[in-house]
Amino acid sequence: MNKKKTTKTDGKETDKKIYPLTTSQKLMLYTYQVCSKKEVLNIGTFLEIKYDIDKDVLAKAISKACERNESTRIRFVKGEKEGEIGQYIAAKSRKKAEYYDFSQRSREDIDRDLHAWTSTPFKLYNTPMNRIVMLSMPEGFFGIYLLVSHLTMDAQALILFLRDVIEIYCSMMYEEVEFPKETASYIEQLEKDLAYEAGNAASARDEKFFDELIKESEPIFCAAEGISKIRAERAKYGAQTRAVTNVSSDMSAAIKVFSLEKEPSDKLMKFCEDYKVSMAALLMMGLRTYFQKFNYVDDVSVQMAIARRATLKEKRSGGTRIHPFPCRTIIGRDKSFLEGLEIMKEKQSQLFRHANYNPVKFLDDRAKYYNLKPGQAYEPMSLTYQPLTLKDDNSLSLISDIEYRTRWYSNGAAAQILYLTVMHRPFDNGLDFNFEYQPSGISEEKLEYLYYYVCRILFEALKDPERPIGEILDNV
C-alpha cells in the first residue's frame, strides 16, 4: 500500500504517501472492530501545574509540538481492498488548542466532563485522532487535557509529547532555557517495522524462537480468584483442560487506583538498585508469586506489554509500539526469591529481544497447537510498568520545584477483564497501581485483595530475598 494517493487533507487536495498499518496498529484496530464501544482505544490524560501560565504562549507551544511530532498528524484512509486501512501524515498546520475556564467549578464536575470527553470516540477516517484542551483550574492550577487514539500513540509517546510541549513553552518564556531537540521521525520507524514484517533475518529468528516456545509445553491458567475458574472449565471439557474461557460479554470498564506510599515505594526501588533488577521484573515476580500461592501451581503466565522502544529514535518517534506477550515462568517453592528473580529477568530479556514479532500470530499459532476453543486463554491479566514521567534527569525548569498533578481517565471500555499499569506519582515518585478492569469480570473487592497480597509478598521477600519462596508464602 506504499503509494501516492490524492487525499483531502485539512480541506485541500494533496498527494500523500499511504502506508499500511503496523502489527501494533492492527492489534489495536482488531480491538476497535470487535468492541461495540468505539471509545475503547481512547487514552485520556490530564496534567495540571500550579503556576501562572501564559495561555497564549502555551497555545503556540502546543501548535509547535504538533508540527514537530508526526504521530499527532496521523490520518487513516480506506484502502482499495475490502476492510483494508492505510495511514498517512497530514501536512503541517497550526493546531489550535481549545480553552475553557473551569476555575470556578468543582473538581467533581470537572472530572465528570473529562471522563465524558475520554468516552467520546473519534471518527476513524481523514480526521485528527487527538484533542488538546487548555483549562484554567481551581486553586491556581492550569491544566492540559490530552485525548489520543491508541492507534496513533501509546503511553510513552503521549508522555513525551506533553514533555515536549512544556520544554517548548519554557524555551519561549525563559531565555536561559534552550529549545528542545528535534523529535524522531514516526515514518522512519514505521518503514523499519514494515520491512521487518515483510520478512528478513531478524523476523525469521524471532519466528523460530516463538515456535519453539509454543512447543515446549502447555501453560496453565491461573486466576486472581484462585482455582474456581479452571475447576469450572474442567467440569465442562475434562480434567486435562489447562486453558480457561476468560472473556466477558460486557466490555464496560472502570479504573481503580491503589497508591503505595513513598517510603515503601522507595524501598522497592532501592532493592532494584541494590540487586540490579528492573522494577518491571520485581513487580512481575510479586504478581506471579501471588498467583502461585492462590492457584497452588508453580507454572504461572501473565501478559506483559512491551513498548519496543530500545533505541533513542524509537523512544522519541511517537506512535504506538506496544506488543503484548505472555511472560511464563515455572519457579518452584524451593527456589529462593532471588533465584526466581533471575529466572524472571532472563524470561523478560528473551521476550524483549524478540518483541518485534507479531503477538497475534503467536497467540493464534499457540491456540491451534493446543486446540483451544474460542475465548480460551492461559493469562488472567496484563501488566505494564511505566517508568517514564514528565520529570527526567534534566528536570524541566518549569516543574522541577513546582507542584503538578497528573491523572489518567477511563474511556469506559476495556477489551480484557484486567489490566494493571504501575506508574510513578509526580509529586513524590511513589508507585500508583492503576487497575483498568471490567466490573462484570472481576470485583473491586478482589482487586483490593490482589493489590494487598502482592505488596505483602514483595515486602516479606525484601526482608530476606534468599529465603525459599515457599517460606515467604507461608508468612503472608
Side-chain angles (χ1 to χ4, degrees), residues 23-24 27 154-155 206-207 209-224 242-244 246 268 272 277-295 297-310 321-332 335 337-367 369-370 372 376-387 415-423 433-436 450 454 457-458 461 469:
T23 294
S24 293
L27 182 61
D154 54 29
D206 295 342
E207 184 168 33
F209 168 79
F210 283 107
D211 282 347
E212 291 174 352
L213 193 65
I214 289 171
K215 294 169 184 175
E216 278 182 3
S217 63
E218 186 178 10
I220 186 168
F221 183 88
C222 295
R242 295 174 69 87
V244 163
N246 194 43
L268 293 180
C272 291
V277 298
S278 68
M279 181 62 74
L282 181 61
L283 291 169
M284 186 67 86
M285 186 65 191
L287 196 58
R288 63 88 49 215
T289 307
Y290 166 88
F291 287 112
Q292 181 176 21
K293 176 178 176 66
F294 291 103
N295 291 267
V297 293
D298 297 335
D299 186 345
V300 177
S301 295
V302 175
Q303 195 93 312
M304 181 174 68
I306 301 174
R308 299 191 307 122
R309 294 189 186 274
R321 301 189 59 78
I322 300 295
H323 276 187
F325 285 103
C327 182
R328 180 193 184 190
T329 49
I330 303 174
I331 305 173
K335 297 281 188 184
F337 192 79
L338 282 180
E339 287 175 319
L341 269 174
E342 287 302 314
I343 294 170
M344 180 62 71
K345 282 169 59 179
E346 176 58 26
K347 175 58 67 173
Q348 290 189 339
S349 178
Q350 289 175 356
L351 292 174
F352 288 142
R353 286 198 299 269
H354 299 282
N356 285 328
Y357 192 69
N358 185 339
V360 176
K361 186 177 187 310
F362 167 73
L363 293 174
D364 285 347
D365 289 347
R366 188 180 67 170
Y369 190 83
Y370 290 108
L372 299 190
Q376 283 189 329
Y378 303 106
E379 294 76 36
M381 63 176 292
S382 294
L383 170 68
T384 298
Y385 168 62
Q386 177 56 265
Q416 53 188 325
I417 289 175
L418 183 56
Y419 196 128
L420 169 60
T421 303
V422 181
M423 308 178 73
F433 289 69
N434 299 267
F435 289 92
E436 182 182 51
L450 171 61
V454 168
I457 288 167
L458 288 173
I469 289 169

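Position 1 is the first residue of the sequence; numbering continues from there. Both backbone and side-chain heavy atoms feed into the values below; hydrogens, waters and symmetry mates do not.
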Closest contact, heavy atoms only, Gln303 versus Pro326: OE1-N, 3.3 Å
Quick one: do the Ser217 and Arg328 side chains pair a donor with an acceptor below 3.5 Å? yes
Do Cys327 and Glu379 come within less than 4.5 Å of each other through their side chains, counting heavy atoms only? no
Determine whether Asp154 and Arg308 satisfy the following criterion, salt bridge (charged side-chain N to carboxylate O under 4.0 Å, His left out), listing intermediate values before the conclusion. CA-CA 11 Å; Asp154 54 29; Arg308 299 191 307 122; over 6 Å; no
Carefully, step by step, assess Asp298 and Lys335 under the rule salt bridge (charged side-chain N to carboxylate O under 4.0 Å, His left out). CA-CA 11 Å; Asp298 297 335; Lys335 297 281 188 184; over 6 Å; no
Does the side-chain contact (heavy atoms from CB on, under 4.5 Å) test come out yes or no for Met285 and Ile331, once each step is laid out? CA-CA 10 Å; Met285 186 65 191; Ile331 305 173; 4.1 Å; yes
Please check: side-chain N/O of Ser349 versus main-chain N/O of Lys345, any donor-acceptor pairing under 3.5 Å? no
Check whether any side-chain heavy atom of Leu418 lies under 4.5 Å from a side-chain heavy atom of Leu450, and answer yes or no. yes
Pairwise side-chain contact, Pro219 with Arg366, heavy-atom cut-off 4.5 Å (strictly under): yes
Answer yes or no: is there a donor N or O on one side and an acceptor on the other, between the side chain of Tyr369 and the main chain of Glu218, under 3.5 Å? no
Is His323 reaching over with its side chain to a backbone N or O of Pro359, donor-acceptor style, under 3.5 angstrom? no
Residue set satisfying side-chain contact (heavy atoms from CB on, under 4.5 Å) with Lys361, at least two apart, ordered chain then number -> Glu207, Tyr357, Asn358, Asp365
Taking all atoms of both residues into account, what is the closest heavy-atom pair of Gln376 and Leu372, and its distance? OE1-CA, 3.6 Å
Taking all heavy atoms of Val300 and all of Cys222, pick out the closest pair and write down the distance. CG2-SG, 4.2 Å
Any side-chain heavy atom of His354 within less than 4.5 Å of one from Phe362? no
Please give me the minimum heavy-atom distance between Ile469 and Gln292, naming the atom from each residue. CG2-OE1, 3.7 Å
Nearest non-hydrogen partners of Leu458 and Leu282, listed with the distance: CD2-O, 3.6 Å
Which atom of Val302 lies closest to which atom of Met381, heavy atoms considered: CG1-O, 3.7 Å
